[in-house]
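Counting from 1, the numbers follow the sequence of the chain as shown. One-based numbering, in listed order, for ligands and for the atoms of each.
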Amino acid sequence: MADGLNMNRQLLVSTLINYAGRNHGATEIISTDSSGNTFRSNWSLIAERSQRLSSALASEGVKQGDRVGTIAWNDYRHLEAYYGICGMGAVLHTINPRLHDSQIAYIINHAEDQVVLIDPDFLEVAERIAHLVPSVRLWVVLGDEAPKSSVAVKYVCYETWIDEKREVLIWPELDEWAAATLCYTSGTTGNPKGVSQSHRAIVLQSWATCTGDGHNVNSGQSILLAVPMFHVNGWAIPFAAAMAGAKLVLPGANLDAGALVEHIRSEEVTFSAGVPTIWLSVVQYLERTGRDVPSLKQIAVGGSAAPSSLIDILEDKYGVSVSHVWGMTEMTQGSAGRFTHRVERLEREEQRKRQSMAGREIYGVELSLIDSEGQEVDRDGQTPGELLARGPWVAGSYFRHDDDSTHLESGDGSWLRTGDVATINDEGYITIVDRAKDVIKSGGEWISSIDLENAAIAAPSVTEAAVIGLPHDRWGERPLLLVVLHNEAELSQEEILDVMKPQVPSWWLPNDIVAIDQIPHTGTGKIDKKVLRTQFADHSWSAAI
Ligand code: ADP
């Protein structure tokens with residue numbers, strides 16, 4: 001070994017839970033089950049029970065590198081699965097239960113999961129797909145009892161299984177480059193693609209999540225995890241919370257605004273993270289009921305663009321400091337929006353402008369913009385380009401996927417093509433213009449569907465907005481705005497356009513506005529534009545504004 005260098009200690013997921021169990025053992029992990037019952041665990045119990053889970057998995061023949069699936073809500077047993085599976089060197093494969101049966105079967109087969117841990121709420125899914133997923137030899141029911149096994153499906157009850165008397169497995173010293181987790185993108189852009197994070201990547205991104213400019217996860221926080229643990233590893237917060245020894249509140253199946261506000265108030269939650277729709281419903285609930293959330297100091301919002309009107313009311317009325325972040329399955333958190341010392345001292349209006357953007361680079365995820373010729377685009381906040389990313393926790397490739405178009409090899413190394421079109425300004429703030437496939441090309445110029453949606457949602461009659469591009473004889477494509485209206489509201493195109501006009505260039509304004517009952521969402525809560533494009537494929541511009 002070279003003179004005077006550091007020790008060679010591997011960065012492993014097991015070190016996170018070992019640390020939390022040893023130093024923050026009594027810090028609480030609070031879960032709510034589907035019947036609304038609360039269960040209070042703590043880091044010490046999670047550490048002990050996850051080790052027993054490892055032992056049970058080993059007795060079932062699960063080995064290092066084998067994939068183990070979970071189909072579960074945010075609760076303490078799922079948290080034990082995070083650590084029990086990774087700790088023994090198997091790969092935690094979180095599965096999104098909101099996907100269609102055929103997609104769930106596709107990803108289980110692709111991952112070749114051997115065992116699946118499943119919440120009792122989803123047993124019907126197991127019954128329906130078991131015959132399609134031959135690699136799964138055991139379904140572990142995350143509860144106090146399990147149904148009788150049949151020829152097609154073999155069940156065991158989690159509690160009995162991890163309680164059986166067998167030697168507790170001492171977690172091995174793995175190679176930090178071994179795979180720890182596997183997460184599939186939701187397939188908004190084709191078949192789901194698997195992203196595997198190594199132990200090293202999980203530990204490094206957890207560190208980033210704990211920094212003040214990341215999500216500021218620390219032992220002083222009580223964290224409400226409003227991001228599903230089956231989506232992008234719950235934004236790495238279940239790992240970062242152990243690294244920090246933070247208190248965790250896991251809301252289970254019920255993500256209704258009223259339930260979330262109840263958790264915030266009863267557990268004195270100081271930080272939470274979630275997608276904009278969650279926070280929109282929380283704000284609507286607070287406005288309707290006159291309640292408040294005095295303990296809540298910070299939130300991170302991302303996953304889709306957060307409307308400025310949402311950020312303003314959280315900051316100005318409820319005193320919650322908002323970090324608007326951008327990220328994706330391929331890297332978890334890719335940016336953060338905390339104010340710098342200078343921005344903290346600017347006028348509120350100047351701060352608002354910055355918060356409407358999707359944050360700035362955090363150390364560890366390097367970003368770049370290129371044009372269609374592959375040339376780097378200026379960071380002028382104006383010129384859009386394809387957003388590229390690289391870094392120690394950015395996906396270097398996809399699991400069992402041979403398609404080199406997902407990455408770009410340049411003179412200075414390999415970059416992930418994010419599929420997002422963005423601008424970056426001279427302060428480093430990113431604005432996501434659109435997913436490359438959603439951007440509207442009108443007369444050779446780009447229109448951002450995201451900006452139009454955010455502009456429309458500021459209209460008092462509108463609760464949700466979606467914009468798609470449809471073919472147009474003269475301009476190639478023009479925007480169609482679809483809105484869901486508040487209960488009693490009637491559609492007034494004029495009212496909506498008047499609100500939008502000061503916010504976007506006049507030639508971006510939609511050619512038509514249609515009120516619909518409901519906007520379709522993908523399994524991860526994003527607007528499903530594929531469905532809307534099909535639904536409105538025959539829309540005629542004759543009624544155009
Ligand atoms: P998928 O929906 O394919 O499963 P992810 O859940 O990983 O993918 O979502 C990643 C995508 O979400 C990004 O590529 C980007 O398009 C969008 N996104 C994430 N954060 C933001 C944000 N703050 N503003 C706009 N878009 C965002």
Side-chain angles (χ1 to χ4, degrees), residues 94-96 98-100 103 106-107 181-197 205 215 227-236 273-280 299-308 310-311 322-338 354-362 365 367 369 384 386-389 393-395 398 401 406 416-424 429-439 448-454 457 466-467 520-531:
T94 46
I95 299 164
N96 183 346
R98 297 198 189 112
L99 296 178
H100 188 264
Q103 278 175 311
Y106 171 87
I107 61 176
T181 67
L182 179 63
C183 238
Y184 282 74
T185 62
S186 65
T188 30
T189 49
N191 256 342
K193 293 200 286 286
V195 174
S196 197
Q197 297 277 1
Q205 65 184 261
H215 290 327
V227 193
M229 288 166 71
F230 55 73
H231 188 217
V232 201
N233 291 336
W235 295 5
V275 292
T277 25
I278 292 272
W279 299 115
L280 280 167
I299 63 160
V301 55
S304 351
S308 300
L310 170 70
I311 299 174
V322 179
S323 173
H324 186 180
V325 303
W326 166 87
M328 59 198 306
T329 309
E330 286 80 344
M331 78 209 52
T332 318
Q333 188 178 5
S335 76
R338 299 245 175 263
R354 287 164 177 80
Q355 276 182 311
S356 68
M357 298 183 251
R360 297 173 303 125
E361 267 185 19
I362 46 165
V365 180
L367 299 173
L369 286 181
E386 182 185 349
L387 188 61
L388 307 179
W393 59 87
V394 176
Y398 291 91
H401 184 87
T406 59
L416 170 81
R417 307 180 80 136
T418 65
D420 284 339
V421 175
T423 61
I424 301 182
Y429 277 96
I430 307 152
T431 300
I432 304 296
V433 175
D434 242 320
R435 281 270 172 118
K437 62 182 178 35
D438 291 337
V439 80
S448 159
S449 66
I450 296 182
D451 279 1
L452 286 178
E453 285 155 10
N454 284 343
I457 202 129
V467 171
H521 290 101
T522 64
T524 52
K526 291 176 191 168
I527 297 173
D528 198 336
K529 298 203 175 174
K530 249 191 313 202
V531 171

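Side-chain contact between Ile95 and Ile107 is present, with heavy atoms from C-beta onward closer than 4.5 Å. With a 4.5 Å cut-off on side-chain heavy atoms, Thr332 and Gln205 count as touching. Tyr184 is not listed as a side-chain neighbour of Val195, based on a closest heavy-atom distance of 4.5 Å or more. Proximity of Asp420 to Asp434: side-chain heavy atoms (C-beta onward) are nowhere separated by under 4.5 Å. His324 is not listed as a side-chain neighbour of Met357, based on a closest heavy-atom distance of 4.5 Å or more.
On a distance-only criterion, His324 and ligand 1 share at least one N/O pair closer than 3.5 Å. The shortest N or O to N or O distance between Ala305 and ligand 1 is under 3.5 Å.
Of all the listed residues (Ser304, Ser448, Ala306, Pro192), Ser304 holds the heavy atom that lies closest to atom 22 (C) of ligand 1. For atom 8 (O) of ligand 1, the nearest non-hydrogen atom from the set Met328, Arg435, Glu330 comes from Arg435.
For ligand 1 and His231, the ligand atoms under 4.0 Å from any heavy atom of the residue are 6 (O). Heavy-atom proximity to Lys526, at under 4.0 Å, picks out these atoms of ligand 1: 2 (O), 5 (P), 6 (O), 8 (O), 9 (O), 10 (C), 11 (C), 12 (O). Set against the non-hydrogen atoms of Ala358, the atoms of ligand 1 under 4.0 Å away are 23 (N). Ligand 1 places these atoms under 4.0 Å from at least one heavy atom of Ile432: 24 (N), 25 (C), 26 (N). Shown in contact with Gly303 at under 4.0 Å from a heavy atom are these atoms of ligand 1, numbered in order with element: 12 (O), 17 (C), 18 (N), 19 (C), 20 (N), 21 (C), 27 (C).
Counting only distance, with no hydrogens or angles, the side chain of Gln355 and the backbone of Val322 share a donor-acceptor pair below 3.5 Å.
With a 4.0 Å cut-off on non-hydrogen atoms, Val325 touches ligand 1 through its backbone and not its side chain. At a heavy-atom cutoff of 4.0 Å, ligand 1 is contacted by both the backbone and the side chain of Thr329.
Under the rule for a side chain to side chain donor-acceptor pair (under 3.5 Å), Asn454 has no partner lying at least two apart in sequence or in another chain.
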**Request:** Walk me through it: do Trp326 and Thr431 pass the test side-chain contact (heavy atoms from CB on, under 4.5 Å)?
**Result:** CA-CA 9 Å; Trp326 166 87; Thr431 300; over 6 Å; no
